Amino acid sequence: MNDFEVFQRNSVDLIEAPQLRQRLDKARAAGKPLRIKFGMDPSSPDLHVGHAIPLLKLRALQELGHTIVLIVGDSTAMVGDPSGRNKLRPQLTREEVETNLVTYTTQAGRILDMARTEVHRNSEWFDAMRFEDVLRLAGKATVARMLERDTFEKRMAAGEPIGVHEFLYPLMQGWDSVMIRCDVEIGGSDQLFNLLVGRELQEREGQPGQVCITFPLINGLDGRKMSKSYGNAILLEDSAEQMFGKVMALPDDVMGTWFRALTRLADAEIDALLGGHPREAKARLGQEIAGFFHGADAAARARESFDRQFRDKQAPTDIPEIAHAWPEGSVPLMVLLRDIGLAPSSGEAKRTIEQGGVKLDGQVVTDPKFALGKPAAPILVQFGKRKYARLS
RNA sequence: GGGGAGAUUCCAGAGCGGCCAAAUGGGCCAGACUGUAAAUCUGGUGGUUCUCACCUUCGGCGGUUCGAAUCCGCCUCUCCCCA
């Protein structure tokens, strides 16, 4: 695969392909790598595999020798990116941004070679701006242009609030491109508008406008946009077991997208997998993803334990031991389940018991009034599908 | 500046004096089924040692009433229309 193909593979938008070819040719001739910008939004500190898509692309480009310029949007984070949001986003304080930033770059470092990555905070230039400079920047765009953005348009139509400062976000992101003399900016497909604003600003400032490339966004486990706050995300911080399990929970029909976006498997191999047994394909996807972050061994172990627990319905091997402080006499099971932390409330425990979701030593208990005292030997408690404890 | 609409349980969205812990859908949880924590179907989905009862919840604070998410006043926030 040549450089152009690496840029292009799996992209959604590529504005404009001929310009990218030209720049690559020039760069090669001059022996100078391209400057590729990626903006990180430190407003959400936990990265998930959706964020990994552009990062993996950057990694591949970094391997080809290009310069990755990571922009930490600490100033923009105080605005809140309106992309993909139908709501006004809360403006973050500086302290929040600072703490998020640390975890963010650490996690990005699991994919990128940070030693070879140029990192800038955009406060480097925005903090120096005076109100006059802000006004000048704001004057470079029109309200009509801003309203073209579909999320603003939708929010207008839905009668939802749009903060005036939100119009500044694309301009700020675009100004970053000007400041670092960006050649190519990449981002999720929801970023196209922001990227194009950067391109326009550069041209106004007499720079060649950046090439803009976007990559697919992937949805979370439940089909909604992947987001930690929806609880539907595979986080980079997840264990191999969690990653594998969550991949297995994906709907079958997104597997192709995921393979292409998150693995480096050749298209032919992906097609072969998708043409085969769906469960096998999904397990392979899970191993690829868990393997990238945790190593192939850990991924293989994750698969084994998943098979044991869910396919073969066996208890997992690593069950937490709980030594409970038993009171005198017997305790209602529903209360016990709450006290040992398996159930969030006794009511929830009661419901789960009534629905046959609680097992003691493999025996289903359906009587919500069931009570027990301290057992002679530790008993195996199963609450729902995934929560186990060995209780003594 | 003027006029109108609205804020409901995780989300969306009904309810408009008692039958409301609050319809319905989504999410989530459980069960069945299965190739999986897919899909589909069924049930559940505020808390409290729990079938009674009690407590907390319908933007905030007060008020009317035997009784309020529902009526009144003020406040906060949002949207729309006119200027």
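The basis for the numbers below is simple: all heavy atoms, side chains too, and nothing from hydrogens, waters or symmetry mates. In this text, all values refer to a predicted model and were calculated from it rather than measured experimentally.
Between A:L342 atom CG and B:C29 atom C1' there is a gap of 14 Å when expressed in whole angstrom units. Taking atom NZ on A:K246 and atom C1' on B:A37, their separation rounds to 11 Å, with Å as the unit. Going from atom NZ of A:K359 over to atom P of B:A30 covers 12 Å, rounded to whole Å. In this structure, A:R351 places its CZ atom 6 Å from P of B:U45, rounding to the nearest Å. The CE atom of A:M255 sits 10 Å away from the C1' atom of B:U36 (whole-angstrom rounding). One interatomic measurement links the two molecules: CE of A:M243 to P of B:U36, which rounds to 23 Å at whole-angstrom precision. Atom NZ of A:K282 and atom C1' of B:G35 are 9 Å apart (whole Å). As a whole-Å value, the separation of A:K369 NZ from B:U48 P is 17 Å.
Taking atom P in both B:U57 and B:U9, one finds a spacing of 13 Å when rounded to whole Å. Remark: the separation of the P atoms in B:G63 and B:A68 is 12 Å, to the nearest Å. Taking atom C1' in both B:G59 and B:A69, one finds a spacing of 12 Å when rounded to whole Å. Using C1' as the reference atom, B:G27 and B:U34 are 23 Å apart when rounded to the nearest Å. Rounded to whole Å, the C1' atom of B:A22 lies 16 Å from the corresponding atom of B:G47. Taking atom C1' on both nucleotides, B:G13 is separated from B:G17 by 22 Å, rounded to a whole Å. One P atom belongs to B:C11, the other to B:C75, and the distance between them is 28 Å to the nearest Å. Across B:U51 and B:G73, the matching P atoms stand 44 Å from one another, rounded to whole Å.
You'll find that the side chain of A:P332 is closest to B:U49, out of B:C50, B:U36, B:U49. Checked against B:G35, B:A38, B:U51, the side chain of A:P251 finds its nearest nucleotide in B:A38. In the set B:A37, B:G35, B:G47, B:G35 carries the atom at the smallest distance from any side-chain atom of A:D252.
For the OP1/OP2 pair of B:C29 and a distance below 4.0 Å, the side-chain nitrogens and oxygens of A:T352 include no atom meeting the criterion. Between A:R311 and B:A37 there is no side-chain polar atom (N or O) within less than 4.0 angstrom of OP1 or OP2. An OP1 or OP2 oxygen of B:G47 is reached within less than 4.0 angstrom by no side-chain nitrogen or oxygen of A:R338. Taking 4.0 angstrom as the limit, A:K387 places none of its side-chain polar atoms (N or O) nearer than this to OP1 or OP2 of B:C29. Contact between the side-chain N/O atoms of A:S346 and the OP1/OP2 oxygens of B:U49 is found at a separation under 4.0 Å.
Nucleic acid contact class of A:G245 (heavy atoms, under 4.0 Å, all strands): base. Counting non-hydrogen atoms under 4.0 angstrom, A:G347 reaches a base of the nucleic acid. When heavy atoms are screened at a 4.0 angstrom cut-off, A:R303 is found touching no nucleic acid atom at all. Across all strands shown, A:E348 has heavy atoms under 4.0 Å from sugar-phosphate atoms exclusively, and none from any base.
Side-chain atoms of A:K359 do not come within 3.5 Å of backbone N or O of A:Q382 as any donor-acceptor pair. The backbone N or O of A:G188 sits nowhere less than 3.5 Å from a side-chain atom of A:Q191 that would complete a donor-acceptor pair. Of the possible polar contacts, one joining the A:H294 side chain to the A:D238 backbone as a donor-acceptor pair under 3.5 Å is found. A:K246 places a side-chain N or O within donor-acceptor distance of the main-chain N or O of A:A233, the cut-off being under 3.5 Å.
Position along RNA chain B of the nearest nucleotide to A:F383 versus A:S345 favours A:F383 as the more 5'-ward residue. Between A:K385 and A:P278, it is A:K385 whose nearest contact on RNA chain B lies nearer the 5' terminus.
Nucleotide B:C50 forms a pair with no other nucleotide shown, judged by Watson-Crick or G-U wobble geometry with both contacts under 3.5 Å. Across all strands shown, B:G1 pairs with B:C82; the Watson-Crick or G-U wobble distances both stay below 3.5 Å. For B:G59, the paired nucleotide is B:C75, the pair qualifying as Watson-Crick or G-U wobble because both relevant distances are below 3.5 Å. The partner of B:U42 is B:A30, by the rule that a Watson-Crick or G-U pair needs both atom distances under 3.5 Å.
Counting heavy-atom neighbours within 6.0 Å of A:Q363 CD, excluding the residue itself, gives a total of 12 or less.
Here A:R23 does not pair with A:D3 in a salt bridge; the nearest charged N to carboxylate O distance is not below 4.0 Å.
Note that OG of A:S177 and CG of A:D183 are 10.5 Å apart. Values are rounded to the nearest 0.5 Å.
Heavy atoms only, all atoms of each residue included: A:P368 and A:E354 are closest at CG-OE2, 3.7 Å.
With hydrogens and angles ignored, a donor-acceptor pair under 3.5 angstrom links the side chain of A:R386 to the base of B:A37. At a cut-off of 3.5 angstrom, counting only N and O atoms as typed in the model, there is no donor on one side facing an acceptor on the other between the side-chain of A:Q355 and the base of B:G31.
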